[in-house]
Number of protein chains: 2
Amino acid sequence: MRVSRSQAAENRQAVIDAASRLFRERGFDGIGLKDLMEAAGLTQGAFYKQFASKDDLVAQASERALEGAIQRWLATAEANPKDPLGAVIALYLSMAHREERGGGCPVVALGADAARQGSEVKASFEDGIRKYLDLIGEWVGRPKGEDSTDKAMAVLSTMVGAMVLSRAVNNKRLSKRFLQAAAKSLMGSSPGAAQKGQLR
Amino acid sequence: MRVSRSQAAENRQAVIDAASRLFRERGFDGIGLKDLMEAAGLTQGAFYKQFASKDDLVAQASERALEGAIQRWLATAEANPKDPLGAVIALYLSMAHREERGGGCPVVALGADAARQGSEVKASFEDGIRKYLDLIGEWVGRPKGEDSTDKAMAVLSTMVGAMVLSRAVNNKRLSKRFLQAAAKSLMGSSPGAAQKGQLR
DNA sequence: ATTATCTATAGATCTATAGATAATGC
DNA sequence: ATTATCTATAGATCTATAGATAATGC
């Protein structure tokens, strides 16, 4: 029943990937190791040869989820060199993102859960959040008389909050309006944007 | 062992109050009925005469938590009639709020959890969120050329997101800076504010 | 010989229910 | 007579560990 080292490494990655998705869908406490391991094609018994504890997996899956999100931001930016921030904001504040909890922003899906965890998990989030800020900070350019990190923090806050709110309500129109209102308020933030006037 | 009707009603309220705090501290899945009932001074067996299920309590405790938050906003506004929005924002975007998860904003502590729940829980959140919006909408007055509900949505998004981010990181300075950056970006929003120039 | 995975299980905890008890409310 | 609460428990699930197995890697 033993597998090769590289197969074991692949299995390990599969567990982290499954966890990064399932934690976002159900919360850290919303899914057990048995279901997580089965989602990765293994049985529960194999878990502790790969991870020290569930908390260990929580930290690693958080890190993975943040990395994935940042990669998606980078890909979106590269595809839209004239207005990277506008493109990322449009992707982020979309109903598609609202519906896709398992593959969406980990700060929205797990930020409150992370606040209840130990410093290891928060370190994963802090790293990812700093990278978010660095990217936005680049994209907002040099706002006049403003610190670009402060500006980036305000922009990210609006994005995260709008998605949390959008997901917490039943009414689809209200959900959508939160995303649109946030997008509108962020319109001035990307210098590359062809100023489109009011969205309406 | 039976108690009077009014005592039973009080007990019921005590359970909802304890749950509204403990759910915010630990998440809906982070605390069991035994601990919840003990926090209210009862034993687990009494639970199902008062509530249909844990989900039922989750919905009612969410409603209670939102009501409490809105009451606090109203009290803050009354104490600061010249700039109610500025006062609420200052209270909300404070490190004290960051540290006080159990008594803080339920949207921050449980919004992501609510997104994973059924429509009853989301209805509690939607009601509370609409009340938040009504209050902010009044306080922002009539922003020029802008819809006041859209404006309120953007303001609330920034507040909620900043607190989620502030709580998800280890570094206190970073936490604080998120709150300050969000407050700064919202400075123009309250018409009653004595324009204080840059905070710096 | 080592070890990644499997099956099986320990011990704790979770939600929910059953039956006993004793005070309320008619 | 009704019923709010209590103790006790059923049955499921949770994290973590133990021991067997069979393929790897020296």
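Residue numbering restarts at 1 for every chain, and letters A, B, ... go by the order of the sequence lines.
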For this session: Show the numbers, then the answer: is there a salt bridge (charged side-chain N to carboxylate O under 4.0 Å, His left out) between A:Arg24 and A:Asp113?
Result: CA-CA 10 Å; A:Arg24 275 178 281 184; A:Asp113 280 44; over 6 Å; no
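The line from OG1 of A:Thr149 to CG of A:Leu156 is 12.0 Å long, rounded to the nearest 0.5 Å. We find the CD-CD1 distance between A:Gln13 and A:Ile16 to be 4.5 Å, quoted to the nearest 0.5 Å. Atoms CG and CG, from A:Leu174 and A:Leu179 in turn, are 9.5 Å apart once rounded to the nearest 0.5 Å. Expressed to the nearest 0.5 Å, how far CD1 of A:Ile89 lies from OG1 of A:Thr158 amounts to 9.0 Å. The CE atom of B:Met37 lies 6.5 Å from the OG1 atom of B:Thr43; values are rounded to the nearest 0.5 Å.
Distance A:Arg12 CZ to C:dT5 C1': 15 Å, rounded to the nearest Å. A:Leu42 has its CG atom 14 Å from the C1' atom of C:dT7, to the nearest Å. A:Gln50 places its CD atom 17 Å from the P atom of D:dT15, with the value rounded to the nearest Å.
Side-chain contact between A:Gln180 and A:Leu93: absent, with no pair of heavy atoms (C-beta onward) separated by less than 4.5 Å. Counting heavy atoms from C-beta on, the side chains of A:Trp139 and A:Val88 come closer than 4.5 Å. Between B:Ser175 and B:Arg167 the shortest side-chain heavy-atom distance does not fall below 4.5 Å. The side-chain heavy atoms of B:Leu36 and B:Val15, taken from C-beta on, include no pair separated by under 4.5 Å.
Here the side chain of A:Asp83 pairs a donor or acceptor atom with the backbone of A:Gly86 at under 3.5 angstrom. At distances below 3.5 Å, at least one donor-acceptor pair connects side-chain atoms of A:Gln50 with backbone N or O atoms of A:Ala8. Proximity of a side-chain donor or acceptor of B:His97 to a complementary backbone N or O of B:Met163 within less than 3.5 Å is not detected.
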Produce the list of close N/O pairs, under 3.5 Å, pairing protein atoms with atoms of nucleotides 11-13 of chain D; give distances to one decimal.
none

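Among the duplex regions that DNA chain D forms, those built from at least three successive Watson-Crick or G-U pairs under 3.5 Å are C:1-24 with D:1-24, ordered by first number.
For residues 19-31 of chain B, proximity to DNA chain C is found at no residue, defined as any non-hydrogen atom under 4.0 angstrom from a strand atom. Listed by residue number, there are no residues of residues 57-65 of chain B with a heavy-atom contact under 4.0 Å to DNA chain C.
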Seminar exercise, completed: Readout for nucleotides 16-26 of chain C: B = base within 4.0 Å of protein heavy atom, S = sugar-phosphate only, - = neither; 5' to 3' it is BB---BBBBSS
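Of all nucleotides listed (D:dC14, C:dT5, D:dT5), C:dT5 comes nearest to the side chain of A:Ala8. Each of C:dC6, D:dT7, D:dC14 was ranked by its minimum atom distance to the side chain of A:Asp35; first place goes to D:dC14.
Between D:dC6 and B:Thr43, a contact under 4.0 Å exists linking OP1 or OP2 to a side-chain N or O.
Under 3.5 Å, the side chains of A:Gln7 and A:Asn11 contain a donor-acceptor pair of N or O atoms.
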Side-chain donor-acceptor pairs under 3.5 Å in residues 55-62 of chain B, sequence neighbours left out?
residue	atom	partner	partner atom	Å
B:Asp56	OD1	B:Gln60	NE2	3.0
B:Asp56	OD2	B:Ala52	N	3.0
B:Gln60	OE1	B:Arg12	NH2	3.1
B:Ser62	OG	B:Val58	O	2.7

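Residue-environment remark: CD (A:Glu120) stays at or below the threshold of 12 foreign heavy atoms within 6.0 Å.
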